[in-house]
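Because the structure is predicted, anything quoted here is derived from the model rather than measured.
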Amino acid sequence: MFVQFLKNGSSSEINVLRKTENITVICCEACNKFTFRMNEHEKKLVTERHNSMIGQAFRSTADIIILDEFLDAYNMNLLDREISGNLILNDNREIILTGRNPAEIFLENADYISEINSIRHPYEKGITARKGIEY
């Protein structure tokens, strides 16, 4: 199961995943803009949707659960941190969290920790994100 937080499912990689057999994809349709542009009502709707998504993921029978951009949603309090943390830490399946700046509780309990660092990126030259490349 692939659960994508903070994004509405319109990015290119989601199209590939949706066409892949045996992968269920859940995205946050309520995320139609960057969080810094959302008002409090929009953030509340996103939080409610994120909470629903995490519940759906952990009720599933999937062997592997990928929670894409989970750490960012967690750090911005755009989901119930206590419930989601308990679900993740008390589940025996393979759980993959992506995002930045994991909370200490996830660092202490992770089996794997990987970090990707940008050395150079076109954005530094003023090139904005391109469909099919960055999203």
Out of curiosity, does [Y] fall in the hydrophobic cluster containing [X] (side-chain heavy atoms, cut-off under 4.5 Å, transitive links)?
| X | Y | answer |
| --- | --- | --- |
| Ile54 | Ile105 | yes |
| Val3 | Leu71 | yes |
| Phe5 | Ile14 | no |
| Leu97 | Leu6 | yes |
| Met53 | Met76 | yes |

Nearest heavy-atom neighbours spanning [X] and [Y]:
| X | Y | value |
| --- | --- | --- |
| Leu107 | Pro102 | CD2-CG, 3.5 Å |
| Glu42 | Met38 | OE1-CA, 3.2 Å |
| Arg49 | Cys27 | NH2-O, 3.2 Å |
| Met1 | Ser60 | CE-CB, 3.7 Å |
| Phe58 | Arg93 | O-NH2, 3.1 Å |

With a cut-off of 6.0 Å (strictly less than), are more than 12 heavy atoms of other residues, nucleotides or ligands near [atom1] of [X]?
| X | atom1 | result |
| --- | --- | --- |
| Arg130 | CZ | yes |
| Lys44 | NZ | no |
| Glu82 | CD | no |
| Ile83 | CD1 | no |
| Tyr112 | OH | no |

Donor-acceptor contact below 3.5 Å, side chain [X] vs main chain [Y]:
| X | Y | result |
| --- | --- | --- |
| Asp68 | Phe2 | no |
| Asp80 | Asn51 | no |
| His50 | Leu79 | no |

Legend entry - From Glu48 atom CD to Lys43 atom NZ, the distance as rounded to the nearest 0.5 Å: 14.5 Å

Inset, instruction - Give the ring-plane orientation class for His121 versus Tyr123, where under 30° counts as parallel, over 60° as perpendicular and anything between as tilted. - result: perpendicular

Legend entry - Residue that, paired with Leu67, satisfies side chain to side chain contact (heavy atoms under 4.5 Å, CB included) out of Ile26, Leu87, Ile96, Ile88: Ile88

